[in-house]
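See below for the structure under consideration.
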Amino acid sequence: MTGPVPGKPAHPLLVAAVESLEAPALAWLREVAASPLRLVVTPSRARAMGLPAEWVARIASGVVANGRLNGDGRPGALSLTLPAGATAGEILRLAAASGKHHPGRGELQPASPREAAALALARLGRLLPALVSAEITPDGEDHVRQLGVMEIRTGEIWRVAGAGTLGVRRITEAPVPLEEAENARFVLFREAGGLYEHVAILIGLPESWPDPVPVRLHSACLTGDLYGSLRCDCGEQLRGSLRAFVAKGGGVLLYLAQEGRGIGLANKLRAYALQEEGLDTIEADCTLGFGPDERTYEAAISMLGEFGIRRVELLTNNPDKVAALETGGIEVLRREPLHGTVNRHNLPYVRAKVHRAGHWLEEMLAGYAGPDGAG
């Protein structure tokens with residue numbers, strides 16, 4: 001529940017995450033609501049639902065090209081009136097499934113500041129970025145407070161979700177011999193907000209590292225790193241980078257809690273299901289309401305700063321990582337490509353990274369000679 005803006009009397013706003021909304025909670029929401037229930041979504045999701053692009057652009061004016069941020073740096077959001085008898089399952093399908101929805105022109109409007117803040121909080125928790133919201137009656141407000149529903153002010157949300165700089169704290173460390181690199185040390189960092197933990201894997205002794213220091217920023221991928229999923233090349237890149245560090249005399253791998261390009265494991269699996277319907281990896285993420293890539297690299301820059309690393313040789317195929325480090329004051333003196341193996345399962349993924357995200361993987365793609373020919 002988000003409170004009214006100081007100085008502007010209003011009913012409190014009650015919000016519920018669509019992904020955990022069940023029939024009893026939905027019925028209770030309708031009982032205490034002072035207004036029709038509304039579905040709050042991102043501009044990316046609104047476009048994926050089939051809403052006319054010109055409506056979305058006009059209503060979400062100020063949203064930058066990636067569909068994520070308003071001009072003031074806060075996530076953009078829109079809301080639309082839900083059908084009166086919509087079930088929890090129908091709302092979930094409306095908020096996440098591929099397909100088209102065609103509301104009347106008056107049903108769609110900019111999200112209120114409180115709705116936008118609540119959506120930002122959901123995204124911070126890597127929930128599906130879709131909420132059901134309603135202002136509640138005075139009687140309903142008393143009932144809500146008696147139940148102990150969490151109440152939070154919009155300013156408190158933005159102090160966490162809208163922070164411009166992400167700080168990390170060094171928590172603990174220990175030697176962890178690895179198959180690819182016996183002289184390895186794990187250093188665990190925790191974000192200042194306490195939500196996510198990241199690990200720096202130090203290969204070799206810092207005093208023996210070459211200059212520039214070989215570095216890889218690796219986003220966690222449970223399916224690829226641990227289970228060897230053939231849908232991506234993440235596991236190959238992870239182990240290949242460790243071998244490269246040993247060959248170079250040392251280096252640092254930052255293992256970042258950014259599953260699914262920052263959308264979390266649950267949403268990554270939802271995106272996989274959409275890819276089975278024919279969407280590419282970026283289209284699937286946008287259909288769920290996310291941008292093409294939700295990752296930021298402030299934590300990585302802070303971690304490198306902890307080790308006094310200012311000059312790096314970056315092992316990456318991603319131009320965004322190079323740009324992020326240079327913007328953060330890290331000098332990228334060299335870039336080394338890191339290729340995996342293309343197979344029939346990850347071919348659409350690799351193609352999307354090349355053609356949609358501009359990754360430097362043309363050589364890897366050109367070498368594929370699978371059943372449908374070269375990439």
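The residues of the chain are indexed from 1 along the displayed sequence.
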| query | Within a strict 4.5 Å, meaning less than it, do heavy atoms of the Ile330 and Arg310 side chains meet? | reply | yes
| query | If Ile, Leu, Val, Met, Phe, Trp and Tyr residues are connected whenever their side-chain heavy atoms lie under 4.5 Å apart, and connections chain through other members, are Phe186 and Tyr196 in the same group? | reply | no
| query | What are the two closest heavy atoms between Thr287 and Ala96, and how far apart are they? | reply | CG2-O, 4.1 Å
| remark: dist Leu254:CG -> Met303:CE (nearest 0.5 Å) comes out at 4.5 Å
| field | Residue pair Val18, Leu94: steps toward the side-chain contact (heavy atoms from CB on, under 4.5 Å) verdict | value | CA-CA 10 Å; Val18 166; Leu94 182 61; over 6 Å; no
| Would you call Leu21 and Leu92 a side-chain contact if the rule is heavy atoms closer than 4.5 Å? | no
| note | Smallest heavy-atom separation, Leu288 atom then Arg45 atom, equals C-CD, 4.3 Å
| Check: Phe307 and Pro206 side chains under 4.5 Å, non-hydrogen atoms | no
| Residues, nucleotides or ligands: over 12 heavy atoms within 6.0 Å of Arg169 CZ | no
| message | My understanding is that only one of Leu338, Val322, Val213 makes a side chain to side chain contact (heavy atoms under 4.5 Å, CB included) with Leu314; could you say which? | response | Val322
| Are Leu333 and Val312 side-chain neighbours, meaning at least one heavy-atom pair lies under 4.5 Å? | no
| task | Determine the minimum heavy-atom distance between Ala284 and Ala271, stating which atoms define it. | result | CB-O, 3.5 Å
| Excluding sequence neighbours, so at least two apart, what forms side chain to side chain contact (heavy atoms under 4.5 Å, CB included) with Asn343? | Leu230, His345, Asn346
| Heavy atoms, side chains only, cut-off 4.5 Å: are Leu253 and Phe245 in contact? | yes
| field | Hydrophobic cluster identity match, Val199 and Tyr297, side-chain contacts under 4.5 Å | value | no
| message | Show the nearest heavy-atom pair for residues Ala184 and Ile203, with the distance to one decimal. | response | CB-CD1, 3.7 Å
| said: Checking Arg38 against Ser133: is there a side-chain donor and acceptor pair closer than 3.5 Å? | reply: no
| field | Set of residues satisfying salt bridge (charged side-chain N to carboxylate O under 4.0 Å, His left out) with respect to Arg239, sequence neighbours excluded | value | none
| Does a side-chain heavy-atom distance below 4.5 Å link Cys221 with Cys232? | yes
| said: I'd like to know if Glu259 and Arg126 make a salt bridge, using a cut-off of under 4.0 Å between side-chain N and carboxylate O. | reply: no
| task | With sequence neighbours excluded, give me every side chain to side chain donor-acceptor pair (under 3.5 Å) pair touching residues 322-339. | result | Lys248-Glu336
| query | For Asn317 and Pro337, which heavy atoms make the closest approach, and how far apart are they? | reply | OD1-CA, 3.5 Å
| field | Spacing of CG belonging to Asp285 relative to CD1 belonging to Ile263, to within rounding of 0.5 Å | value | 4.0 Å
| Going only through I, L, V, M, F, W and Y residues with side-chain contacts under 4.5 Å, is there a path from Leu274 to Leu128? | yes
| Gap between atom CG of Leu26 and atom OG1 of Thr87 - 0.5 Å precision | 8.0 Å
| note | Note: Pro292 and Ile282 closest approach over all heavy atoms is CB-CG2, 3.8 Å
| field | Joint hydrophobic cluster, Tyr368 plus Met364, side-chain heavy atoms closer than 4.5 Å | value | yes
| Heavy-atom check, side chain of Trp209 versus side chain of Val252, under 4.5 Å | yes
| said: Determine whether a donor-acceptor pair (N or O, by modelled atom type, separation under 3.5 Å) exists between the side chain of Glu236 and the backbone of Asp233. | reply: no
| said: I'd like to know whether Glu277 forms a salt bridge (charged side-chain N to carboxylate O under 4.0 Å, His left out) with Arg270, so could you lay out the CA-CA distance, the side-chain angles of the two residues, the decisive distance to 0.1 Å, and finally the verdict. | reply: CA-CA 11 Å; Glu277 299 176 13; Arg270 291 185 177 107; over 6 Å; no
| field | For Leu127, all residues meeting side chain to side chain contact (heavy atoms under 4.5 Å, CB included), sequence neighbours excluded | value | Ala17, Glu19, Ala122
| Any donor-acceptor N or O pair under 3.5 Å, side chains Arg261, Ser219 | no
| field | Pairwise distance CD(Gln237) to NE2(His218) - rounded to 0.5 angstrom | value | 7.0 Å
| field | Distance-only donor-acceptor check, side chains His198 and Gln258, under 3.5 Å | value | no
| task | Could you pull out all residues at least two apart from Asp225 that satisfy salt bridge (charged side-chain N to carboxylate O under 4.0 Å, His left out)? | result | none
| field | Derivation and outcome, side-chain contact (heavy atoms from CB on, under 4.5 Å), residues Lys321 and Arg295 | value | CA-CA 10 Å; Lys321 291 181 180 179; Arg295 291 174 294 182; 4.1 Å; yes
| request: Applying side-chain hydrogen bond (donor to acceptor under 3.5 Å, both in side chains) between Asp280 and each of Arg351, Lys353, Arg356, report the one that passes. | output: Arg356
| field | Leu256 vs Leu217, side-chain contact (heavy atoms from CB on, under 4.5 Å): CA-CA, chis, key distance, verdict | value | CA-CA 7 Å; Leu256 306 171; Leu217 314 185; 4.2 Å; yes
| field | Enclosure of Glu182 CD (heavy-atom neighbours >12, cutoff 6.0 Å) | value | no
| Between OG1 on residue Thr296 and CG on residue Asp320, distance to nearest 0.5 Å | 11.5 Å
| Remaining members of hydrophobic cluster (4.5 Å side-chain criterion), Leu265 | Leu222, Leu226, Tyr227, Leu269, Tyr272
| task | Treating Ile, Leu, Val, Met, Phe, Trp and Tyr as nodes and any side-chain heavy-atom pair under 4.5 angstrom as an edge, say whether Ile201 and Leu325 lie in one connected cluster. | result | no
| task | To the nearest 0.5 Å, tell me how far Ile157 CD1 sits from Ile152 CD1. | result | 4.5 Å
| Is the cationic atom of Arg216 (NZ for Lys, CZ for Arg) positioned less than 6.0 Å from the six-membered ring centroid of Tyr255 and within 45 degrees of its normal? | no
| task | Could you tell me whether the side chain of Ser79 reaches within less than 4.5 Å of the side chain of Gln109, counting heavy atoms only? | result | yes
| said: Go through it in stages, so that I can follow the logic: the residues are Leu78 and Glu115, the test is side-chain contact (heavy atoms from CB on, under 4.5 Å), and I'd like the CA-CA distance, side-chain angles, deciding distance and then a yes or no. | reply: CA-CA 9 Å; Leu78 301 93; Glu115 288 173 327; over 6 Å; no
